[in-house]
Every structure is written in C-alpha cells, then in structure tokens.
K.L.:
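Before anything else, here's the structure in question.
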Amino acid sequence: MSEQMRERLAELEKDFNVGQSRLRDLEMQEAALRETLLRISGAIQVLKELLGDDAGEPAGGGNSAGAAGS
C-alpha cells in the first residue's frame, strides 16, 4: 500500500510540474499577444489620425476635429 502511495505521489508531482510549466508558457504567450495588440492598436490610432488629416476631418475624426473647430 505504501509503495502505491509513493508512486501516486510521484505521478501527481510530475503532473503538477508539467502544469506549472504549461502555465508559465501560456503566461508568456499572453504577454506577447498583449504587446502585439498594443502595437496594432497604436498603428490603428496613427493611421486614423493621418486619414483624418488627409480627408478633411471626416465624421469620427475624434478630438482633433473638435479642437480645430474651437
């Protein structure tokens, strides 16, 4: 009985370590994805601002249209 418990303990510890490793990998992937989304968001904002300037401040031009009109 004691040998079975030791084997089970070893299995559980192995599974736990595998789970921790997988969690670290997923957290690193999450951080990388958040960074990518932040960069994309910044690029979208820049392009929207540039298009707003070139297109004569179309509707949805944001704060720059309101500031220019004041």
Side-chain angles (χ1 to χ4, degrees):
M1 179 66 107
S2 180
E3 184 61 30
Q4 288 177 329
M5 288 192 289
R6 284 190 182 99
E7 288 176 7
R8 183 64 178 143
L9 176 59
E11 289 175 14
L12 290 171
E13 288 175 335
K14 179 183 172 192
D15 290 345
F16 183 82
N17 290 332
V18 167
Q20 279 189 322
S21 177
R22 181 70 178 129
L23 181 59
R24 279 191 302 272
D25 290 344
L26 289 171
E27 287 172 342
M28 289 183 351
Q29 288 179 356
E30 179 187 19
L33 181 56
R34 287 186 184 278
E35 185 176 316
T36 299
L37 289 173
L38 185 60
R39 287 180 181 160
I40 292 170
S41 175
I44 288 171
Q45 182 176 352
V46 167
L47 289 173
K48 283 183 176 181
E49 289 174 4
L50 290 173
L51 286 172
D53 289 343
D54 290 343
E57 302 291 329
N63 292 337
S64 61
S70 295

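Everything quoted here is computed from the prediction, not taken from an experiment. As a basis for the values below, the full set of heavy atoms in this structure was taken, side chains included, without hydrogen atoms, waters or symmetry mates.
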K.L.:
Please name all residues satisfying side chain to side chain contact (heavy atoms under 4.5 Å, CB included) with Gln20, sequence neighbours left out, ordered by chain then number.
P.N.:
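Testing Gln20 for side chain to side chain contact (heavy atoms under 4.5 Å, CB included), a comparison that skips the adjacent residues, returns Phe16, Asn17, Arg24.
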
K.L.:
Through direct or indirect side-chain contacts below 4.5 angstrom among Ile, Leu, Val, Met, Phe, Trp and Tyr, which residues connect to Leu33?
P.N.:
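Via sub-4.5 Å side-chain contacts, Leu33 links to Leu37.
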
K.L.:
With sequence neighbours excluded, what pairs up with Glu3 under the side-chain hydrogen bond (donor to acceptor under 3.5 Å, both in side chains) test?
P.N.:
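Per chain and number, Glu3 pairs via side-chain hydrogen bond (donor to acceptor under 3.5 Å, both in side chains) with no residue.
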
K.L.:
Suppose the criterion is salt bridge (charged side-chain N to carboxylate O under 4.0 Å, His left out): which pairs have a residue in residues 27-37, not counting sequence neighbours?
P.N.:
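Of all non-adjacent pairs touching residues 27-37, those that pass salt bridge (charged side-chain N to carboxylate O under 4.0 Å, His left out) are Glu30-Arg34, Glu35-Arg39.
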
K.L.:
Please identify each residue that fulfils salt bridge (charged side-chain N to carboxylate O under 4.0 Å, His left out) with Glu11, with sequence neighbours left out.
P.N.:
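Partners of Glu11 under the salt bridge (charged side-chain N to carboxylate O under 4.0 Å, His left out) test: Arg8.
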
K.L.:
May I ask you to list the residues sharing a hydrophobic cluster with Ile40, side-chain cutoff 4.5 Å, ordered by chain and number?
P.N.:
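Result for Ile40 is Ile44.
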
K.L.:
How long is the straight-line distance from CG of Leu50 back to NZ of Lys48, given to the nearest 0.5 Å?
P.N.:
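The distance works out to 13.0 Å.
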
K.L.:
Tell me, please, which residues at least two apart from Arg6 pass side-chain hydrogen bond (donor to acceptor under 3.5 Å, both in side chains).
P.N.:
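Partners of Arg6 under the side-chain hydrogen bond (donor to acceptor under 3.5 Å, both in side chains) test: Ser2.
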
K.L.:
Side chain to side chain contact (heavy atoms under 4.5 Å, CB included) with Met5: which residues, sequence neighbours excluded?
P.N.:
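Scan of Met5 (side chain to side chain contact (heavy atoms under 4.5 Å, CB included), adjacent residues dropped) gives Met1.
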
